[in-house]
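Everything on this sheet refers to the single structure shown next.
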Amino acid sequence: MTWFKSLTLAGRELLPIVQGGMGVGVSAHRLAGAVASQNGVGTIASVDLRHHHADLVEKTDKCNDRDTIDTANREALHREVRAALDTAQGRGLVAVNVMKAVRDHQALVRQACESGAEAIVMGAGLPLDLPEMTADFPKVALVPILSEARGVAAVLKKWMKKGRLADAVVIEHPGYAGGHLGAARLDDLHSERFDFKRVLADCHALFSELQLGRDAPRLIVAGGVGSHEQVRHWLTNGADGVQVGTAFAVTQEGDAHENFKRVLIDADPTQLAEFTSVAGLPARAVATPWLTRYLRQEGTLQANTRADPRRCSQRMDCLTQCGLRDGIAKFGQFCIDLKLAAAMRGEVSRGLFFRGASKLPFGNAMRSVRELMDYLLHGEMPAAA
């Protein structure tokens, strides 16, 4: 017997620990497979996974053909999903995170399903059409990422008209999560309407109003949950699971370079930078020298922006809307794919290092996925940590 209940998802009884999807390439098959092998939910971030495959990087080097790059990225996603499933050996759940804001999101969803992903997680926009994208794969669990009950209601009611329910909903607090955040403006990040207590209560009231009963989606809180005490609190106060990102990113199995992990470990979580991404979404990252310089120059860059497809240095048009390419002055003005890929490779002077605003449980030590999950659920601290 344990103090917590299992997280039921896609017909499986799982540990209530979900590893967040982190791109570019930060959560690929090694991390997701390791989490799933411990009977948790491991998540592969689908965006631009070719950087983990030398042959695909070589094939697309200096390539100006968008279709060739898209094909390479779908092949990389297929390889990563199959490798994660092989590592999991039938345990846990292997999910794929697909950003709604990514131009090729529909093809990435289909590729993930065809390759055997057991759940699709979608945020960075309202995933109102996710049921249509996955209609041929009814056994794949669907998990939208939202930040308040109003968004949950909009998605659930739209999906119910199509005869589909969400299997779970990730409730992400934009005031603490890393990467792209689910608020309209930077000024809204710490609004009281995003408090987990309030959103969980509102969601349970919504489920009762919709008479969902046992079919109600599982609720998974994400953002700022980095300790056993916080996990225990939320799992006994309305949440069915917790999603953790940064602490998993810096584990031994994390797919990013050791330099990447060191940047996240050494960062002060109270001194992170909050800014508007090129996708037009608020974002949170480590205030590295590159990001600090960029933010000092941002006003000038935004004042001189212009719509020019040649500004997409890789010709991959990764985003549906891009501040740099499309000349959107209120958005960020840099190539986010180049910066995130550089971070994943450990290029400290050039990369963009997304990070959540919670303390890491093991200080400056890199521990294993198993040790992290044992700590989160049972409070067991490894002796050497």
Side-chain angles (χ1 to χ4, degrees), residues 4-21 36 39-43 92-100 109 112-113 117-135 137-174 177 182 193-223 225 231 234-245:
F4 56 86
K5 293 188 295 184
S6 297
L7 172 64
T8 304
L9 203 56
R12 300 188 185 187
E13 298 294 317
L14 310 164
L15 294 179
I17 300 293
V18 179
Q19 165 248 313
N39 205 37
V41 179
T43 309
L93 204 71
V94 174
V96 170
N97 178 291
V98 181
M99 290 177 60
K100 175 75 171 177
V109 166
C113 293
E118 294 154 323
I120 300 295
V121 183
M122 182 171 280
L126 287 178
L128 298 177
D129 54 350
L130 188 54
E132 288 94 326
M133 293 183 229
T134 56
F137 305 92
K139 293 184 178 180
V140 174
L142 303 186
V143 184
I145 302 176
L146 301 156
S147 292
E148 54 184 320
R150 182 174 58 179
V152 176
V155 170
L156 290 190
K157 291 177 181 179
K158 186 76 169 180
W159 287 17
M160 289 173 70
K161 292 178 181 178
K162 303 172 184 180
R164 184 68 198 254
L165 272 175
D167 295 85
V169 178
V170 173
I171 304 297
E172 183 182 84
H173 196 309
R193 73 177 187 273
F194 298 125
D195 289 348
F196 286 151
K197 182 178 180 180
R198 175 175 175 174
V199 178
L200 289 171
D202 289 347
C203 284
H204 286 299
L206 171 67
F207 298 163
S208 295
E209 175 193 331
L210 297 176
Q211 300 181 344
L212 298 182
R214 293 182 179 180
D215 294 328
R218 302 300 182 258
L219 294 174
I220 300 164
V221 294
V225 183
V231 170
W234 292 117
L235 289 183
T236 53
N237 285 277
D240 301 294
V242 297
Q243 179 173 289
V244 177

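Only heavy atoms go into these numbers, but all of them, side chains included; no hydrogens, no water, no symmetry mates.
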Does any part of the side chain of [Y], heavy atoms only, come nearer than 4.5 Å to the side chain of [X], both counted from C-beta?
{"X": "V242", "Y": "V18", "answer": "no"}
{"X": "N237", "Y": "K197", "answer": "no"}
{"X": "R218", "Y": "T8", "answer": "yes"}
{"X": "F137", "Y": "I120", "answer": "no"}

Contact summary for [X] and [Y], nearest pair of heavy atoms:
{"X": "K100", "Y": "M133", "result": "NZ-CE, 4.4 Å"}
{"X": "V199", "Y": "A149", "result": "CG1-N, 4.0 Å"}
{"X": "G21", "Y": "N97", "result": "CA-CB, 4.2 Å"}
{"X": "V221", "Y": "A239", "result": "CG1-CB, 4.0 Å"}
{"X": "P217", "Y": "V169", "result": "CB-CG2, 4.0 Å"}
{"X": "A124", "Y": "M99", "result": "CB-CE, 3.7 Å"}

Between [X] and [Y] (side chain of the first, backbone of the second, donor and acceptor by atom type, cut-off under 3.5 Å), is there such a pair?
{"X": "E148", "Y": "F194", "value": "no"}
{"X": "E172", "Y": "S147", "value": "no"}
{"X": "D240", "Y": "L219", "value": "yes"}
{"X": "T43", "Y": "G20", "value": "no"}
{"X": "R214", "Y": "L212", "value": "no"}

The test is side-chain contact (heavy atoms from CB on, under 4.5 Å); show your working for V231 and F4 and say whether it passes.
CA-CA 10 Å; V231 170; F4 56 86; over 6 Å; no

Do other residues, nucleotides or ligands put more than 12 heavy atoms under 6.0 Å from R150 CZ?
no

If you count the non-hydrogen atoms of other residues, nucleotides and ligands that lie under 6.0 Å from CD in E13, is the total more than 12?
yes

Taking atom [atom1] of [X] and atom [atom2] of [Y], what is their separation to the nearest 0.5 Å?
{"X": "L7", "Y": "L235", "atom1": "CG", "atom2": "CG", "result": "9.0 Å"}
{"X": "E118", "Y": "L93", "atom1": "CD", "atom2": "CG", "result": "4.5 Å"}
{"X": "I171", "Y": "L146", "atom1": "CD1", "atom2": "CG", "result": "6.5 Å"}

Donor-acceptor pairs are to be reported for all side-chain atoms of residues 152-168 against protein atoms at under 3.5 Å, with residues two or more places apart or in another chain.
from: W159; atom 1: NE1; to: P127; atom 2: O; distance (Å): 3.1
from: W159; atom 1: NE1; to: L128; atom 2: O; distance (Å): 3.4
from: K162; atom 1: NZ; to: L128; atom 2: O; distance (Å): 2.7
from: K162; atom 1: NZ; to: E132; atom 2: OE1; distance (Å): 3.0
from: K162; atom 1: NZ; to: E132; atom 2: OE2; distance (Å): 2.8
from: R164; atom 1: NH2; to: V140; atom 2: O; distance (Å): 3.0
from: R164; atom 1: NH2; to: D167; atom 2: OD1; distance (Å): 3.0
from: D167; atom 1: OD1; to: L142; atom 2: N; distance (Å): 2.8

